[in-house]
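What follows is a short report on a single structure.
Every value quoted in this text rests on a predicted model; they were computed, and no experiment measured them. Every chain is numbered from 1 and lettered A, B, ... according to where its sequence line falls, protein lines coming before strand lines.
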Protein chains: 2
Amino acid sequence: MRQVPPSGRPTLDEVAAHAGVSRSVASRVLNNAPHVSRAKREAVERAVRDLGYVPNPKARALATRQAGAAALVISQHDPSVLADPFFGQVIAGVSSVLEEAELHLMLCLAASDRSRKRVGDLLRSRGVDGVMMMALHGDDPLAHMATETALPVVFGGRPGGADPRWYVDIDNVAGARHATEHLLAGGRRNIVTICGPLDTEVGRARHQGYREALLLAGRIPQAFEVGDFNEPSGAAAMTRLLAQRPDIDGVFAANDNMAAGALRALREAGRSVPHDVAVVGFDDLPVARITDPALTTVHQPIRDLGREMARMVVGVIEGGDPSPLLLPSHLVVRSSA
Amino acid sequence: MRQVPPSGRPTLDEVAAHAGVSRSVASRVLNNAPHVSRAKREAVERAVRDLGYVPNPKARALATRQAGAAALVISQHDPSVLADPFFGQVIAGVSSVLEEAELHLMLCLAASDRSRKRVGDLLRSRGVDGVMMMALHGDDPLAHMATETALPVVFGGRPGGADPRWYVDIDNVAGARHATEHLLAGGRRNIVTICGPLDTEVGRARHQGYREALLLAGRIPQAFEVGDFNEPSGAAAMTRLLAQRPDIDGVFAANDNMAAGALRALREAGRSVPHDVAVVGFDDLPVARITDPALTTVHQPIRDLGREMARMVVGVIEGGDPSPLLLPSHLVVRSSA
DNA sequence: AGACAAAATGGGAGGGCTTCCAAGAACGCG
DNA sequence: CGCGTTCTTGGAAGCCCTCCCATTTTGTCT
């Protein structure tokens, strides 16, 4: 262990001495607590400025038992998730709200078992005041771990097995339903779907929305294939579907990346979009404007998702008990359907 | 100020008592320091397990003056940067290395003045052991702030004015040169470029690489237009360039998003790619495979950039003085050129 | 067995802040 | 002018660890 060197930074004691008051008074000024005379308050403020004093957050955290930070945990085995701009947007939303609440953001990418353990320790050691968790596959041990610690935990998208107290989710079922209804309204008859992994809630929910739309219209859901939310898997799924049912005229893909892959596969198979086959995606990622033809897709308020998660976790930290939230999505019609 | 509730979590004292040793011994076991008998070491380990003890990182940080965390600061006025998958990849790289070094990652999106101030306080208060800074425009005050704190600071991409001690950068000049040389080798004669913002080092460097290639080939650089690294700006720039010089037959775009925009503008202008006009991008983002035709582009090791930044900051934290790094990029030839 | 070196141990002093509490100052009012 | 209130104030006790150091134990060698 390294020796502890003197820090060199001014401490609250020095500020107090410089201002001619006791440490208690100085502390009260910093936390603008009452019971400080105007004169001393100003003296302390001057001393703070003169000395360039910045409170030591660790000491404060130790005394108050508050970390001054919240964690965003993204639990994913595949580290390439972040290649998806989706998380960037969530992070931006989270960050903007936490900032207002004066909380720092600890980002935890829980890919390996080792890192999951580290996240667990972070929570158990109260290294953060609250947690936001995203992208949980199946019933992730991290979900239990988080609830066990009795820390405020907000889920982004409901985790598989559990029924969490606080979560924010996109209304995936409704979104997928609208997408499929749009295909039906366009006169499509043989509508298939490319799903996300069915061990994720998103994957399941979007698949269910697709089925609901067809069943409500008195039709039987057709074939489906499962992808992993990335472009290549979408192309592969599309190819398999075409082989199974050559008469396909509509495709609902559970996200835009896979829809883009489907577009590519269709092009390679010589089908024209939207003339022969109409395609609808989900997410409204930037890629949706770039494909040719541009993707009709379900826009989801990703940034808001992050913002609301953060707002919710802040609410819980401050002692509230906010209700779960289901954010609305809406269809953006472009050229592919 | 809220009352301090009892924490309920076991402390090191309790572990020591439970194991029948002094706190010092328990501490030594936890830090696996020498001078502990086998018997007591095991007793302490058992007590830790029995009590479910997790050390309080704040207390430790206070005592050791080490935060156990590093910050990644992304300084951008426009919060939409994160829509770009670029940062996601950097984050993934950073995260994987920090994890091995047992450091937590604090993510700071310094968009507003308020948030920049908060970042400043975080650094001054030694809330982190080291900092990585990215995407600095011009001479960002944050850059000075960081160096002033005498904290290990690694820059991702050199900041504008300064000449930092530690940085990791992509060799943008060479990359842009190769891209342009590829266009030349393809027999293109009227090669223009769509630049990034010229107050960023990336923007300038890629522009310079383009110029170098042309000058080395004994040609005079042609027209250029400036974009903001997003798709629409690329399309707009392309349109302006076509208006200026209708005989364009080659375009080097400073990133893939703008290249995708250029592709769209060219299509709308009735030019065929790569027959009439060849296009080369930069970054090799996922979008490069999706465009039609797929983009020939300069692949940069984004993940490695993050990894190397983290490795470097860890190195400095541990007392080393690593040399700056320039990561190589390479051309990926697809269909657009 | 005695002398000496080496290893093991626990006491205690920080690290920098918050907050309880008791004591002192200021003030209003009859 | 005295008494009870209400503010202000500073002392001191934590919060939970790390690490120096003096002390005790163990082990080695002659």
What is the distance from [atom1] of [X] to [atom2] of [N], rounded to the nearest Å?
X       : N       : atom1 : atom2 : answer
N56(B)  : dC17(C) : CG    : P     : 17 Å
R65(A)  : dG14(D) : CZ    : P     : 13 Å
L12(B)  : dT18(D) : CG    : P     : 6 Å
K58(A)  : dC17(C) : NZ    : P     : 11 Å
R126(A) : dC17(D) : CZ    : C1'   : 18 Å
L62(A)  : dC16(D) : CG    : P     : 7 Å

Those residues of residues 32-48 of chain B lying under 4.0 Å from DNA chain D by at least one heavy atom: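 When residues 32-48 of chain B is checked for heavy atoms under 4.0 Å from DNA chain D, there are no hits whatsoever.
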Less than 4.0 angstrom between a side-chain N/O of R60(B) and OP1 or OP2 of dG15(C), yes or no?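 Indeed not, no polar side-chain atom of R60(B) lies that close.
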Phosphate-side-chain proximity, Y53(B) and dC17(D), N/O vs OP1/OP2 below 4.0 Å: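 For dC17(D), OP1 or OP2 has a side-chain N or O of Y53(B) closer than 4.0 Å.
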Donor-acceptor pair, [X] side chain versus [Y] backbone, under 3.5 Å?
X       : Y       : result
R126(B) : T149(B) : yes
R307(A) : G93(A)  : no
R9(A)   : V54(A)  : yes
D129(B) : G68(B)  : yes
R116(A) : A110(A) : yes

Closest approach of A70(A) to M132(A) (non-hydrogen atoms, all atoms of both residues):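 The pair with the smallest heavy-atom distance is CB-CE, 4.1 Å.
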Can you name the nearest heavy-atom pair linking P55(B) to L30(B), along with the distance? CG-CD2, 3.7 Å
May I ask you to list the residues of residues 13-28 of chain B, by number, that have any heavy atom positioned under 4.0 Å from an atom of DNA chain C? V21(B), S22(B), R23(B), S24(B), V25(B), R28(B)
Nearest-0.5 Å distance that lies between atom CD1 in I317(A) and atom CD in Q66(A):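 Result: 9.0 Å between the selected atoms.
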P57(A) meets the side-chain contact (heavy atoms from CB on, under 4.5 Å) criterion, sequence neighbours left out, with S125(B)
Per T64(B) side chain, nearest of listed nucleotides dC17(C), dC19(D), dG15(C):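 In terms of side-chain proximity for T64(B), the closest of dC17(C), dC19(D), dG15(C) is dC19(D).
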